[in-house]
Amino acid sequence: MKAVAERASALADAGTKPSSHSSFHAVAWRWHFYAGLYVVPFLLMLALTGLVMVFFTGFQTRLGPVVTVNPMDHAPLPVSAQAKAVLELRSQATLREYIAPAAPDRASWFVVARDGTTEAVAVDPYTAQVLQLVDKDQTWFAWAEKIHGTLLLGDVGDRLIEIAAGLAS
């Protein structure tokens, strides 16, 4: 113990300054702290919006509550007949996507584009009756996806998120 005390006293008397290693260590930890202050808000935002997106794809649908139908004794109508009902309702629309029902008591979904908007249309697969119209850009999933990808700032937001992701890794 006496030797350690004498060495500490000698170093203090000599006025030695910290080594370059400990100086670098302090600077590195300071930058690490500032990077953490930048990254944490982005990680929280990504976690929350990701949670919303998972909820609306796992427990519900991307378009809200599940649309159910009464299953019939006969087979569902052909997809072309269901699509015809959608296009009669939205005459100027172009058909983009068909989503088959997940179960016999679920509706078919068609995604159509019209006048710069994208709509999802739920159709009874047994009667080809349109059951629900949803503006896809106004759903919780779409809202969360826009924030998750761009912070509603376009390319600037995308770049900020990418920088945060790079600093986080």
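- A168 and V39 get closest at one heavy-atom pair: CB-CG1, 3.6 Å.
- In this structure, L153 CG and D158 CG are separated by 10.5 Å, a value rounded to the nearest 0.5 Å.
- Hydrophobic clustering, with ILVMFWY side chains joined whenever heavy atoms are under 4.5 angstrom apart, keeps W31 apart from F24.
- Between the CE atom of M45 and the CD1 atom of I161 there is a distance of 4.0 Å, given to the nearest 0.5 Å.
- In this structure, CG in L167 is found 10.0 Å from CG in L43, a value given to the nearest 0.5 Å.
- Side-chain contact between H148 and L46: present, with at least one pair of heavy atoms (C-beta onward) separated by less than 4.5 Å.
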If you look only at distance, which donor and acceptor atoms sit under 3.5 Å apart when one is on a side chain in residues 132-142 and the other is two or more places apart or in another chain?
unit_1, atom_1, unit_2, atom_2, d
D135, OD1, D137, N, 3.2
T139, OG1, K136, O, 3.1
T139, OG1, A142, N, 3.1

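- Contact annotation: the side chain of F110 never approaches that of L87 to less than 4.5 Å [non-hydrogen atoms, C-beta and beyond].
- Nearest heavy-atom pair, P104 versus Y126, reported as atom, atom and distance to 0.1 Å: O-OH, 3.1 Å.
- A93 approaches V112 most closely through the heavy-atom pair CB-CB, 3.8 Å.
- Placement of V86 and V111 in two distinct hydrophobic clusters is found when ILVMFWY residues are connected by side-chain heavy-atom separations under 4.5 Å, directly or transitively.
- Under the side chain to side chain donor-acceptor pair (under 3.5 Å) criterion, the residue pairs touching residues 75-96 are Q82-S108, R90-E119, with sequence neighbours excluded.
- Atom NE2 of H32 has 12 or fewer neighbouring heavy atoms from other residues, nucleotides or ligands inside a 6.0 Å radius.
- L77 and V123 sit in two unconnected hydrophobic clusters of ILVMFWY residues. Membership requires side-chain heavy atoms under 4.5 Å apart, directly or through other members.
- Here the CD1 atom belonging to I163 is positioned 8.0 Å from the CZ atom belonging to F42, to the nearest 0.5 angstrom.
- What you find for A107 and A122 is that their closest heavy atoms are CB-CB, 4.1 Å.
- One hydrophobic cluster, built from ILVMFWY side chains closer than 4.5 Å, holds both I147 and F56.
- Annotation for L95 and A83: closest pair CD2-CB, 3.9 Å, computed over non-hydrogen atoms.
- Taking each heavy atom of L151 and G157 in turn, the nearest pair found is CD1-O, 4.0 Å.
- Grouping Ile, Leu, Val, Met, Phe, Trp and Tyr by side-chain contacts under 4.5 Å, direct or through others, leaves L51 on its own.
- Residue Y34 qualifies as open at atom OH: its count of foreign heavy atoms under 6.0 Å is 12 or below.
- Rounding to the nearest 0.5 angstrom, the gap separating the CG atom in D124 from the CG atom in N70 is 8.0 Å.
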Problem set entry | Stepwise side chain to side chain contact (heavy atoms under 4.5 Å, CB included) check, M72 with T127 | CA-CA 9 Å; M72 304 271 182; T127 64; 3.9 Å; yes

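- From L160, atom CG reaches atom OH of Y38 across 4.5 Å, with rounding to the nearest 0.5 Å.
- A continuous path of hydrophobic side-chain contacts links L131 to W109 [ILVMFWY only; heavy atoms under 4.5 Å].
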